[in-house]
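Taking it in order: structure first as structure tokens, then the write-up.
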There are 2 protein chains.
Amino acid sequence: MNPPSTTQVTTRSHSVALTADCAIFGYSDDSLRVLLVRRAVEPFKGFWVLPGGAMQQDETLRGTADRLLRDLVNVENIPIRQVGTYSALKRHPIRRVVTTSYYALVSPDDHDPIAREHLDQVMWCSMDKLPELGFDHREILDDAYEKLKDELRQQPLAFHLLPESFTLKEAQEVYESILGEDLDRRNFRRKILAYDFLINTEEKKPGIKGGPELYRIDDSKLENHLQ
Amino acid sequence: MNPPSTTQVTTRSHSVALTADCAIFGYSDDSLRVLLVRRAVEPFKGFWVLPGGAMQQDETLRGTADRLLRDLVNVENIPIRQVGTYSALKRHPIRRVVTTSYYALVSPDDHDPIAREHLDQVMWCSMDKLPELGFDHREILDDAYEKLKDELRQQPLAFHLLPESFTLKEAQEVYESILGEDLDRRNFRRKILAYDFLINTEEKKPGIKGGPELYRIDDSKLENHLQ
DNA sequence: CCAAAAGTGTTTCGGATACACCCATGC
DNA sequence: GCATGGGTGTATCCGAAACACTTTTGG
């Protein structure tokens, strides 16, 4: 049995690299998607992976994740949550890399830019059709997706995946594709209309039979429901 | 906007130390307790902190946490969960230390040994009477406690805090002190007896009016309910 | 005008809560 | 024997789930 000296940092750092990896979720073309990037160098050259980067000296891990989001999708102040930290010995085949993962939710209003420039190196990949991922990113992504599902059941997060105005049907479809289950239309409407952050714009979405009403979010009120 | 090169580990490690800190919870003398150790060196010399240690070269963070538990309370194979990773720039005043926190639940059958030897450096501190903690350990402990509460509401974790045999009243008291609310006796009994992992030992606990029945856990069945 | 989708209310069910009496034991 | 705590069953409440018809619009 050791004395409490175990509480000190007694050992040298073995040049462990610290990184942040980010599962950036979006919703488009009727499916939940995650942003993947293609590795340009070994190891796992040519594999798709979650975007990630090394934590800089003057940065927190959260700061690293924020920076990735700025660089890749040019957004700030969107919901982002820490998921977990992965430290298996051989998760990176060459050197010791410990990574902390986050997930983030971006609206389709924001996630166009990058797609045009690096079509061959970046993709919004449907969660139904994931390729093999490099490193342990499949496990990291699965954990992030599970956490997203857990949180969505407890708070109305999914609206961050919708454009500025949307129909309730569209909101329901986002919920359904994240949770992977069908929801009753009337129960769903009742439930989310019970919140006070949905504003009926009094406009109707053209081009769709039935003439569905468009809603938008009162951001300041939505914040009361988060966390 | 950066190209996907952000996905590579391009920067040098700045000798960031990686540690694991552990909120080890136990239940004794009618209250939920957490194991604290007293810092023997600067910074925060003399302050109480959560037990923690540096991740070794051949170790995962989880391995570090397991080692702490072996050294401090001499237990293995008890429930342990990762809570979060803390990377604020000045959380350690001298060097950069990033820590990943865990919480663990130990039974009173296990948590005697250390207390005798290092009475002045280790204590099982009631969660109601926490001293000021060094570093950001108060925040880490609060987060761990919140996570414990969340998980307890969803799965029957608290039995790991009880001795081998116990009365339902004792189990209820553990639940009540973790959740911080009073529970109805009959509803509580109904709920946990509905699980199949409680075995009535047919013995009664002596020395208590009413002659309460003693129960024990069928570990293999309990496992079905965890995670 | 007809097909497709949107909008709306009520009933039912199940789990959680509230609650009161009898029984066993310690002193 | 009496005070204290243990053990048990039922009525109620509330949120979730199930369910069908009318209205609006596009073609």
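Every chain is numbered from 1 and lettered A, B, ... according to where its sequence line falls, protein lines coming before strand lines.
At a cut-off of 3.5 Å, with distance as the only test, no side-chain donor of A:Thr201 or A:Ser165 sits close to an acceptor on the other residue. Under the 3.5 Å distance criterion, with hydrogens and angles disregarded, no donor-acceptor pair is assigned to the side chains of A:Asp21 and A:Tyr86.
Side chain of B:Arg33 to main chain of B:Ser28: a donor-acceptor pair is present (N/O by atom type, distance under 3.5 Å, no hydrogens or angles). Looking only at distances, no side-chain donor or acceptor of B:Tyr102 sits under 3.5 Å from a matching main-chain atom of B:Ile24. Side chain of A:Thr99 to main chain of A:Thr19: a donor-acceptor pair is present (N/O by atom type, distance under 3.5 Å, no hydrogens or angles). In terms of modelled atom types and a separation under 3.5 Å, the side chain of B:Ser126 and the main chain of B:Ser31 share no donor-acceptor contact.
Residue contacts shown for B:Lys204 are limited to sugar-phosphate atoms, with no base heavy atom under 4.0 Å away.
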> Tell me, for nucleotides 4-14 of chain C in 5' to 3' order, what letter each nucleotide earns: B for a base near a protein heavy atom under 4.0 Å, S for only sugar-phosphate near one, - for neither?
Replying inline: BBBBBBB----

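Taking a heavy-atom distance under 4.0 Å as the criterion, the stretch of DNA chain D touched by chain B extends 5' to 3' from D:dT4 to D:dT10.
With rounding to whole Å, B:Glu181 atom CD is found 15 Å from C:dA18 atom C1'.
For B:Glu164, the CD atom sits in a loose shell: 12 or fewer heavy atoms of surrounding residues, nucleotides or ligands are nearer than 6.0 Å.
Applying the side chain to side chain donor-acceptor pair (under 3.5 Å) test between B:Gln172 and each of B:Glu170, B:Glu176, B:Lys169 identifies B:Glu176 as the sole match.
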